[in-house]
Structure formats: C-alpha cells, structure tokens
Student: 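The structure that follows is given in the form of structure tokens.
Just so it is clear: chains get the letters A, B, ... in the order the sequence lines come, proteins before strands, and each one is counted from 1.
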2 protein chains.
Amino acid sequence: MKKDTSAKLMSVGLKVTPNRLAILEVFSSDCRPINAEYIFQKLQGQNINLVTIYRTLSTFEEKGILRFVNVHTDSAHYELAEHHHHHLICKDCGVIEEISICNKLLDKDALSQSKKFNFIESHSVEFFGVCKKCEA
Amino acid sequence: MKKDTSAKLMSVGLKVTPNRLAILEVFSSDCRPINAEYIFQKLQGQNINLVTIYRTLSTFEEKGILRFVNVHTDSAHYELAEHHHHHLICKDCGVIEEISICNKLLDKDALSQSKKFNFIESHSVEFFGVCKKCEA
DNA sequence: ATTCAGGTGCAAAACATTTGCATCTGAAGA
DNA sequence: TCTTCAGATGCAAATGTTTTGCACCTGAAT
Ligand SMILES: [Mn+2]
Ligand SMILES: [Mn+2]
Ligand SMILES: [Zn+2]
Ligand SMILES: [Zn+2]
C-alpha cells in the first residue's frame with residue numbers, strides 16, 4: 001500500500017515524490033536484487049530519468065531503505081533492507097535464490113577475532129554454485 | 001620464491017612470463033584484496049600495460065589462483081585464493097581486516113534450505129562496520 | 001500563497017573494464 | 001640450437017556503468 005511507502009520515506013526525512021514511490025513499488029513487487037537498468041525498464045511508461053534512479057538508489061541505501069547486494073556481476077544490485085537474508089547465486093545464469101539462514105553468532109565470532117574494529121554493523125553472505133537447471 | 005610462483009603457473013597450464021610473475025609478486029607481498037590499478041602503480045618500473053593486468057586477473061581467477069573479493073566499492077578486488085578467510089571492511093576508510101573465522105556448517109545449512117541448487121562451490125562473507133581509527 | 005531545500009532532467013564527463021588487431025614470445029618439438 | 005605457433009601483450013578504441021554540473025521544478029513547511 002502506498003501509505004506505508006510514503007511513511008517510510010518521510011520517516012527518514014525524504015520528500016515523497018512519484019519517482020521514489022514508483023521505484024519502491026518495483027522493489028516491493030519484485031523481491032530480489034535488481035539494478036538501475038532493470039528499474040528503468042520497468043518504469044518506461046512514466047518518464048523517469050536513469051540518472052534519477054541512480055541517485056535514488058544511493059539515497060535509499062544511505063537512509064537504510066535499501067541494501068547493496070553483491071552478485072559478482074557488472075552492475076550494482078539492491079534489495080529492500082527490511083528482511084535480513086542471504087543469497088545463493090548461480091555462476092552460470094546468475095539466478096538468485098534467497099535463504100533465511102543466518103548464524104547470529106557470526107558477527108560476534110568475527111568481532112572476537114578483530115583487532116581493528118569495536119563493532120560490526122552488518123554482514124553479507126553469498127553462496128556460489130551452479131543451479132539445477134544449468135547443471136542439467 | 002620465484003620457483004614456487006613459476007610452478008604455480010605451469011601447474012594450471014599457463015605460460016611463465018615476467019608480467020605474470022610480477023603480478024603474483026605483488027599479491028604475495030601485499031596480503032590483502034587489491035585491484036588492477038593498485039597493481040599497475042606497484043609495477044610502474046617494468047612497463048606493463050593496464051590491459052594486461054585486467055586480462056591476467058581474469059585468467060588467474062578462472063584458473064583458481066585468485067579469488068574475487070567483494071569490498072563494496074567501485075573496482076574489482078582480488079586476493080590469492082590459497083587461504084580461505086573472510087573480511088571486515090570499514091565503511092569509512094575502506095580498510096580491510098582479514099579474519100579466519102569460517103563456520104563450516106554454513107554451506108550445508110544453506111544447501112538444506114535451497115530448492116534450486118544441488119551443491120555449493122564457494123561462499124563469501126563480509127562484515128561491515130567502522131574501524132577504531134575512523135570511530136575516533 | 002510564498003518560499004526554498006531538495007529533487008529531477010538533460011547533456012556531458014568520468015571510470016572501470018573489455019575488445020580488436022597487429023606483434024611478440026615462451027616453450028614444445030625437431 | 002633452431003623452428004614453430006598458440007598463447008601473451010601492447011596500443012587504441014569501444015563499451016557499459018555510474019557520476020557530475022547546472023538549470024529548472026516541486027514537495028512540504030510556514
Ligand atoms: Mn545474515
Ligand atoms: Mn568461509
Ligand atoms: Zn543457473
Ligand atoms: Zn576506517
């Protein structure tokens with residue numbers, strides 16, 4: 001619903017604009033890491049500039065709305081930050097499967113070995129393999 | 001030692017060339033994820049082309065000599081693949097600390113939740129925070 | 001209705017990385 | 001040692017992604 005979306009923007013001090021709502025729309029309807037170009041294609045109808053999409057993605061990441069996802073490819077992918085999870089990525093076709101596995105001890109363990117950090121804000125975990133389709 | 005390095009190249013069917021030895025040299029003396037430009041700077045003396053470095057990095061990754069490391073920045077970073085470990089990255093200055101923590105169960109747990117994969121080849125884990133220096 | 005910090009479009013720039021092609025070289029074999 | 005050639009390299013140009021400058025526009029606060 002649009003109300004949620006607007007509220008989310010306002011809560012982080014961002015103006016509510018058609019562009020931003022549309023971009024968030026894409027992320028909501030497409031629950032997987034996507035890049036600027038993909039969003040651009042999805043929003044062909046409403047004239048929005050690719051540059052605006054790039055700027056919006058950066059802004060959203062800074063505000064904690066989006067999370068950067070490493071998919072080991074050319075372009076920067078993002079997904080909604082709300083649900084913490086990790087990814088299984090096919091080295092062949094690039095398909096991404098999301099998994100909820102998350103060892104909560106990871107951060108603590110890592111920190112216990114660290115000499116340069118006092119705390120850890122976040123982590124990213126990606127698994128790589130070849131999916132069943134590509135395997136066949 | 002150069003012998004090791006040459007052997008490593010030959011063992012994967014690559015020709016032993018001054019460029020390749022020099023690049024491996026940089027990786028050996030600098031145990032952290034580095035990018036093409038960094039290697040280029042380090043090798044200013046011996047005229048080597050930046051393109052060659054890019055091509056070499058790709059080749060080495062394919063042959064399993066190097067591992068791609070996601071440091072959430074502009075350029076592609078690599079490190080010697082021989083030692084499996086993970087990274088703690090400062091969001092401010094980009095400093096990277098390596099840690100040996102690795103929950104071996106990670107792959108198995110992930111796979112147990114997957115519907116699209118039969119096996120996992122590798123994983124990458126990165127922790128993000130602000131280092132003590134930047135915190136101060 | 002007024003105001004203005006922040007958002008957007010457009011064009012151009014910046015950057016990292018790749019590709020085409022001619023030339024060179026490592027190393028295998030004679 | 002000499003020959004041979006697949007693979008390695010340099011150079012220039014192309015690609016593709018992301019950023020920046022600048023003028024104009026708009027959301028939202030007053
Ligand atoms: Mn997790
Ligand atoms: Mn590990
Ligand atoms: Zn696949
Ligand atoms: Zn730092």
Student: Looking at side-chain heavy atoms only, is the closest gap between Glu25(B) and Lys42(B) below 4.5 Å?
Tutor: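 Heavy-atom side-chain distance check fails, nothing below 4.5 Å.
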Student: Considering heavy-atom distances to DNA chain D, does Pro18(B) or Val51(B) have its closest nucleotide positioned more toward the 5' end?
Tutor: Pro18(B)
Student: Quick one: which of Val26(A), Leu50(A), Thr52(A) gives a side-chain contact (heavy atoms from CB on, under 4.5 Å) with Leu43(A)?
Tutor: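 Among the candidates, only Val26(A) passes.
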Student: Can you tell me how far the OG1 atom of Thr59(A) sits from the CG atom of Leu66(A), to the nearest 0.5 Å?
Tutor: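 If we round to the nearest 0.5 Å, Thr59(A):OG1 and Leu66(A):CG are 10.0 Å apart.
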Student: Output the rounded distance in Å from CD (Gln46(A)) to P (dG9(C)).
Tutor: 11 Å
Student: Rounded off to whole Å, could you give me the CD1-to-P distance for the Ile53(B) and dT18(C) pair?
Tutor: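 My rounded result for the distance is 13 Å.
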Student: Taking the side chain as every heavy atom from C-beta outward, state whether His86(B) and Gln113(A) have any atom pair closer than 4.5 Å.
Tutor: no
Student: Any side-chain donor-acceptor pair under 3.5 Å between His85(B) and Glu79(B)?
Tutor: yes
Student: Rounded to whole Å, please give me the gap between CD1 in Ile34(B) and P in dA16(C).
Tutor: 15 Å
Student: Would you kindly give the CG-to-C1' distance between Leu50(A) and dA12(C), to the nearest whole Å?
Tutor: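 About 14 Å, once rounded to whole Å.
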Student: Which distance, rounded to the nearest 0.5 Å, do you find between the CD1 of Ile65(B) and the CG of Leu14(B)?
Tutor: 5.5 Å
Student: Once you apply a heavy-atom cut-off of 4.0 Å, does Ala76(B) come out as touching a base, just sugar-phosphate, or nothing?
Tutor: sugar-phosphate
Student: To the side chain of Lys15(A), which of dG7(C), dG9(C), dG26(C) is closest?
Tutor: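 Nearest nucleotide to the side chain: dG7(C).
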Student: Identify the 5'-most and 3'-most nucleotides of DNA chain D with at least one atom closer than 4.0 Å to a non-hydrogen atom of chain A.
Tutor: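 Extent of the interface on DNA chain D: dT17(D) to dA28(D).
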Student: Please report the distance, rounded to the nearest Å, between CG in Asn49(A) and P in dA11(C).
Tutor: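 It is 9 Å, rounded to the nearest whole Å.
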Student: Once side-chain contact (heavy atoms from CB on, under 4.5 Å) is applied, do any residues pair with Asn35(A), and if so which ones, sequence neighbours excluded?
Tutor: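 For Asn35(A) the side-chain contact (heavy atoms from CB on, under 4.5 Å) partners, ignoring immediate neighbours, are Glu37(A), Tyr38(A), Ser75(A), His77(A).
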Student: Atom OH of Tyr78(B) and atom C1' of dA16(C): how far apart are they, to the nearest Å?
Tutor: 11 Å
Student: Nearest to the side chain of Arg55(B), which nucleotide is it out of dG7(C), dT17(C), dG20(C)?
Tutor: dG20(C)
Student: Grab the CG-P distance between Asn47(A) and dG7(C) for me, whole Å please.
Tutor: 18 Å
Student: Could you give the CG-to-P distance, from Leu14(A) to dA5(C), as a whole number of Å?
Tutor: 17 Å
Student: Just to be sure I understand the geometry, which residues of residues 61-69 of chain A put a non-hydrogen atom under 4.0 Å away from DNA chain C?
Tutor: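 Under 4.0 Å from DNA chain C: no residue of residues 61-69 of chain A.
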Student: Quick one, Leu21(B) and Leu9(B) - any side-chain contact, counting heavy atoms below 4.5 Å?
Tutor: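 The answer is yes; the side chains approach within 4.5 Å.
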Student: Closest nucleotide of DNA chain C for Asn35(B) versus for Val16(B): which of these residues is on the 5' side?
Tutor: Asn35(B)
Student: So, taking the atom named CD in Glu97(B) and the one named CD1 in Ile89(B), what distance separates them when rounded to the nearest 0.5 Å?
Tutor: 11.5 Å
